[in-house]
Amino acid sequence: ICQRIKRPTNVSIVLDGITFGGSLLKPRVSRTVASSILLGETKWTRFPVSKERATSSQFTIADLLTIKRGIATGDNKFFILSREEIDSRKLPMQFLRPILPSPRSLKSDVVEADERGWPKLNSQLFVLNCNLPEATVRRDWPTLWAYLQTGIPDVPAGYLCASRSPWYAQERREPSPFLCTYMGRGDAKTGRPFRFILNHSTAIAANVYLLLYPRPQLANALAASKSLRVKIWRALNEIEPEVILGEGRVYGGGLHKMEPGELAKVPADSIAALIPTLERPARQADLFE
């Protein structure tokens, strides 16, 4: 809780303490933060759980990786199918892409691939994605057409599907070598609410994950070194939890959430150090130096 007091010539901040959790009079966490530190912060919600930033970083994750949300299918129960369901309905595999299960069902943080590039998991999942017009599907792909009819009228009437043409086409996403879980609570052993996943497969992911795509400099370095991918993944997991939490947000009950723009601001000097030839991209702020 902080109080802003207006003065005739400027605005100063008088701070009794920043609190989190519990009640107004008996907060779970309380911390006093100097006004000079708050004035340099764009996100006060990092306090009181996180400390003030010790130093500014030269690199952030955004300098190395482009971050996108996973796909929003519009109806996971309809569009995401197991291999058994696909076989029983005799659906054509050219309209199905491997997709990772939810973080709760993904027990390992490393996803290996089989000879087809599909994830080596006990239960393989695929997302239905077809851009062909309905008339073409009805004429040339009868089993797929029959399955699409089982979703009518509810699935096409959904908010996302209603805005698509055709309604069963999905967002375009390429497989990413690294993923981060979108929401989570602190792990009892590590204190990390977010997991970084190393993906060796061709699977994409739903919007319970953030997909991390290497920018050109990092992509070139990864192409030149087979071992670098694992080193980058380990460095992501070695980022201190409080550093990541300082950029994200927290809800009641300790549920943490990370948006792409928030993850992008996480310091990444330790990751950049793995690539000696890496140059930091120019930022808008550099124009004023």
Side-chain angles (χ1 to χ4, degrees), residues 56-72 96-101 103 106 108-121 124-127 129 131 170-182 192 194-240 243-244 247-248 258-287:
S56 59
S57 299
Q58 184 179 7
F59 288 90
T60 65
I61 287 182
D63 294 324
L64 307 172
L65 298 152
T66 299
I67 306 167
K68 296 182 179 180
R69 287 190 185 88
I71 64 170
L96 291 142
R97 298 187 65 185
I99 189 168
L100 295 179
L106 189 64
S108 174
D109 288 345
V110 179
V111 179
E112 301 291 351
D114 63 18
E115 64 279 2
R116 294 161 295 191
W118 297 351
K120 279 186 178 179
L121 300 172
Q124 292 179 325
L125 299 176
F126 297 81
V127 60
N129 182 24
N131 293 316
Q170 298 294 336
E171 298 174 90
R172 184 176 178 82
R173 289 289 188 279
E174 296 300 323
S176 61
F178 313 106
L179 301 95
C180 179
T181 52
Y182 178 55
R192 300 178 183 276
F194 305 107
R195 296 163 57 192
F196 286 99
I197 310 297
L198 178 61
N199 180 29
H200 292 296
S201 76
T202 58
I204 58 172
N207 57 357
V208 289
Y209 294 94
L210 301 179
L211 310 182
L212 283 61
Y213 298 95
R215 290 188 180 274
Q217 289 189 81
L218 178 55
N220 292 336
L222 287 168
S225 172
K226 293 182 179 179
S227 62
L228 184 57
R229 179 183 289 205
V230 174
K231 293 178 181 178
I232 296 292
W233 168 67
R234 286 175 177 166
L236 285 167
N237 277 300
E238 288 171 0
I239 298 174
E240 292 296 328
V243 174
I244 297 181
E247 299 299 341
M258 181 71 72
E259 296 288 351
E262 294 167 341
L263 181 59
K265 297 176 183 177
V266 171
D269 287 348
S270 61
I271 303 173
L274 298 171
I275 313 158
T277 58
L278 189 68
E279 297 181 4
R280 183 175 68 83
R283 297 173 183 158
Q284 188 173 11
D286 296 341
L287 299 175

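Keep in mind that this is a model prediction, so the values were computed, not measured. Quick note: residue numbers are just sequence positions, from 1.
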message: Quick check: closest heavy atoms across Gln58 and Asp63, and the distance to 0.1 Å?
response: O-OD2, 3.9 Å
message: I'd like to check the side chain to side chain contact (heavy atoms under 4.5 Å, CB included) partners of Pro175; sequence neighbours left out, ordered by chain and number.
response: Arg97, Thr202, Ile204
task: Take Ile61 and Ile67, measure what side chain to side chain contact (heavy atoms under 4.5 Å, CB included) needs, and give me the verdict at the end.
output: CA-CA 9 Å; Ile61 287 182; Ile67 306 167; 3.9 Å; yes
- prompt: Would you say the side chain of Cys180 lies within less than 4.5 Å of the side chain of Ile197, judging by non-hydrogen atoms?
  reply: no
field: Arg215 and Leu64, any side-chain heavy atoms less than 4.5 Å apart
entry: no
- request: State, with a plain yes or no, whether a side-chain heavy atom of Val127 is found less than 4.5 Å away from one of Ile71.
  value: yes
Exercise: identify the closest heavy-atom pair between Trp233 and Phe196: NE1-O, 2.9 Å
query: Is any side-chain heavy atom of Phe194 less than 4.5 Å from a side-chain heavy atom of Leu263?
result: no
field: salt bridge (Lys or Arg N to Asp or Glu O under 4.0 Å) involving Arg195 - partner list, sequence neighbours excluded
entry: Asp109
query: Taking only residues two or more places apart in sequence, or in another chain, which ones meet Glu240 in a salt bridge (Lys or Arg N to Asp or Glu O under 4.0 Å)?
result: none
query: Judged by atom type as modelled, is there a donor-acceptor pair below 3.5 Å linking the side chain of Arg69 to the main-chain atoms of Glu259?
result: no
- request: Taking all non-hydrogen atoms of both residues into account, name the closest pair between Ala235 and Ile271 and its distance.
  value: CB-CG1, 3.6 Å
task: Evaluate the side chain to side chain contact (heavy atoms under 4.5 Å, CB included) criterion for residues Leu198 and His200: first the C-alpha distance (whole Å), next the side-chain angles of each, then the deciding distance (0.1 Å), finally the verdict.
output: CA-CA 7 Å; Leu198 178 61; His200 292 296; 3.5 Å; yes
- line: Rounded to the nearest 0.5 Å, the CG atom of Leu228 sits from the CG atom of Asn220 at a distance of 11.5 Å
- prompt: If you take all heavy atoms of Ser201 and Gly117, which pair is closest and at what distance?
  reply: CB-O, 3.3 Å
- line: The salt bridge (Lys or Arg N to Asp or Glu O under 4.0 Å) partners of Glu174 (sequence neighbours excluded) come to Arg172
message: My understanding is that only residues two or more places apart in sequence, or in another chain, count here; which of them pass salt bridge (Lys or Arg N to Asp or Glu O under 4.0 Å) with Arg229?
response: none
task: List the atom of Ser176, the atom of Asn199, and the distance in Å for their closest heavy-atom pair.
output: O-ND2, 3.0 Å
task: Can you sort out the partners of Phe126 under ring pair (Phe, Tyr, Trp, His ring centres under 6.0 Å), two or more places apart, ordered by chain and number?
output: Trp118
task: Could you walk me through whether Leu65 and Phe178 pass side chain to side chain contact (heavy atoms under 4.5 Å, CB included), step by step?
output: CA-CA 9 Å; Leu65 298 152; Phe178 313 106; 4.0 Å; yes
field: Any Leu278 side-chain heavy atom under 4.5 Å of Phe59 side chain
entry: yes
query: Are Leu211 and Thr66 close enough that some pair of their side-chain heavy atoms sits under 4.5 Å apart?
result: no
message: Do Leu106 and Val111 make a side-chain contact, defined as non-hydrogen atoms from C-beta onward lying under 4.5 Å apart?
response: yes
- prompt: Tell me, do Val243 and Val266 make a side-chain contact under 4.5 Å, heavy atoms counted?
  reply: yes
task: Any chance you could lay out the side chain to side chain contact (heavy atoms under 4.5 Å, CB included) test for Tyr182 and Asn207, step after step, and finish with the verdict?
output: CA-CA 8 Å; Tyr182 178 55; Asn207 57 357; over 6 Å; no
